[in-house]
Amino acid sequence: ALVEEFIHGDELTVGVLGTDAAARALPVLEIDFSGCAASGEYFYSWRMKEFQGDAGQGLTPAFHCPARLLPEVAARVADAALRAHRALGCADFSRTDIRLRDGVPYVLEVNPLPGLDPAESNFPRMTAAIGLSYPALITSLIDGALVRAGRGTRPQEPSPYPPSTIGASGRIGSRRA
C-alpha cells in the first residue's frame, strides 16, 4: 500500500503551454475552498470535481487567476510546474497541481492531458486570464501536434499571447502581490 503525508496548504494549479525550452507557465490558478465548509470538502477531491458548482451540496469553490500570491511565491510555483513539465517530457501542454505550504510548492501531480472543457476545466480559465481565446488555444495545440508529426511548422508571428503577458523569465501573465 502507498501511504503519503497529507500536505495542508493552498490548492494551486499551473498550466504550461509549449514543449521543451519553448514551454511557458500560465498564471497560477488558486482554488479557494473557504465557501465549501458545509460540504466538509477542503481540497480538490473526486467529489468536488464531479459536483463542482452544486450549491446544494456546498461544493462551490472560488477560483482566483492569477492566484492571490506574492510575485516571488507565484514565480516559485510557476517554476515548479515548468520543471515538472520538462522533466516528464510533456508535449504542447500540461497542468500541474501544487499544494503550497509555508511558501514551499509541493507538486502533487502532473496531468499531461488536462481537461479542456471551456465551461468547467481549469486550463481554459488560465488561458483566458492572459487573453488567449478558446479557439486560439485549440489552434495552438493542433499546431504543436502537427509540428511534432512533421506536418507543420510553428508560426513565428503572431504569438497567440498578447505581447504584454510574456515576461523575461518565460512565465506568461502578470503577478499580483
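Values reported hereafter were calculated over all heavy atoms of this structure, with side chains retained and with hydrogens, waters and symmetry mates removed. All of these numbers come straight from a predicted model, not from anything done at the bench.
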Given the rule that I, L, V, M, F, W and Y join up when any side-chain heavy atoms are under 4.5 Å apart, are [X] and [Y] in one cluster?
{"X": "Leu82", "Y": "Leu108", "value": "no"}
{"X": "Leu141", "Y": "Leu26", "value": "yes"}
{"X": "Phe43", "Y": "Phe63", "value": "no"}
{"X": "Val14", "Y": "Ile7", "value": "no"}
{"X": "Leu70", "Y": "Ile98", "value": "yes"}

Keeping the roles fixed (side chain from [X], backbone from [Y]), state whether a donor-acceptor pair exists under 3.5 Å.
{"X": "Arg76", "Y": "Gly103", "answer": "yes"}
{"X": "Asp102", "Y": "Val104", "answer": "no"}
{"X": "Ser39", "Y": "Cys36", "answer": "yes"}
{"X": "Ser133", "Y": "Ala136", "answer": "yes"}
{"X": "Tyr44", "Y": "Leu12", "answer": "no"}
{"X": "Asp20", "Y": "Ala22", "answer": "no"}
{"X": "Ser94", "Y": "Asn111", "answer": "no"}
{"X": "His8", "Y": "Leu100", "answer": "no"}

To the nearest 0.5 Å, tell me how far [X] [atom1] sits from [Y] [atom2].
{"X": "Gln57", "Y": "Gln52", "atom1": "CD", "atom2": "CD", "result": "12.0 Å"}
{"X": "Ser45", "Y": "Leu59", "atom1": "OG", "atom2": "CG", "result": "7.5 Å"}
{"X": "Asp32", "Y": "Thr60", "atom1": "CG", "atom2": "OG1", "result": "10.0 Å"}
{"X": "Lys49", "Y": "Asn122", "atom1": "NZ", "atom2": "CG", "result": "8.5 Å"}
{"X": "Ser121", "Y": "Tyr134", "atom1": "OG", "atom2": "OH", "result": "7.5 Å"}
{"X": "Leu29", "Y": "Glu11", "atom1": "CG", "atom2": "CD", "result": "10.0 Å"}

Considering all heavy atoms, the nearest [X]-[Y] contact:
{"X": "Ala129", "Y": "Cys65", "value": "CB-SG, 3.6 Å"}
{"X": "Asp92", "Y": "Thr19", "value": "N-OG1, 2.8 Å"}
{"X": "Ala84", "Y": "Val110", "value": "CB-CG2, 3.7 Å"}
{"X": "Gly15", "Y": "Met126", "value": "N-SD, 3.1 Å"}
{"X": "Ala25", "Y": "Ala78", "value": "CB-CB, 3.9 Å"}
{"X": "Val16", "Y": "Ala23", "value": "CG1-CB, 3.8 Å"}

(message) Within the 4.5 Å heavy-atom criterion, are Val77 and Pro105 side-chain neighbours or not?
(response)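 Counting from C-beta outward, Val77 and Pro105 do come under 4.5 Å.
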(message) Quick test of your reading of the model: are Asp10 and Arg101 salt-bridged, counting only N-O distances below 4.0 Å?
(response)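 No, this pair does not count.
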(message) Before you tell me yes or no, could you show the steps for Phe93 and Phe123 under ring pair (Phe, Tyr, Trp, His ring centres under 6.0 Å), namely the whole-Å CA-CA distance, both residues' side-chain angles and the distance that decides it to 0.1 Å?
(response) CA-CA 9 Å; Phe93 74 127; Phe123 201 90; 5.4 Å; yes
(message) Please identify which of these residues, Glu30, Arg125, Glu109, Arg95, meets the side chain to side chain donor-acceptor pair (under 3.5 Å) condition with Thr13.
(response)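 By the side chain to side chain donor-acceptor pair (under 3.5 Å) criterion, Thr13 pairs with just one of Glu30, Arg125, Glu109, Arg95: Arg95.
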(request) Could you walk me through whether Tyr42 and Met48 pass the side-chain contact (heavy atoms from CB on, under 4.5 Å) test, one step at a time? (result) CA-CA 9 Å; Tyr42 55 93; Met48 180 64 75; over 6 Å; no
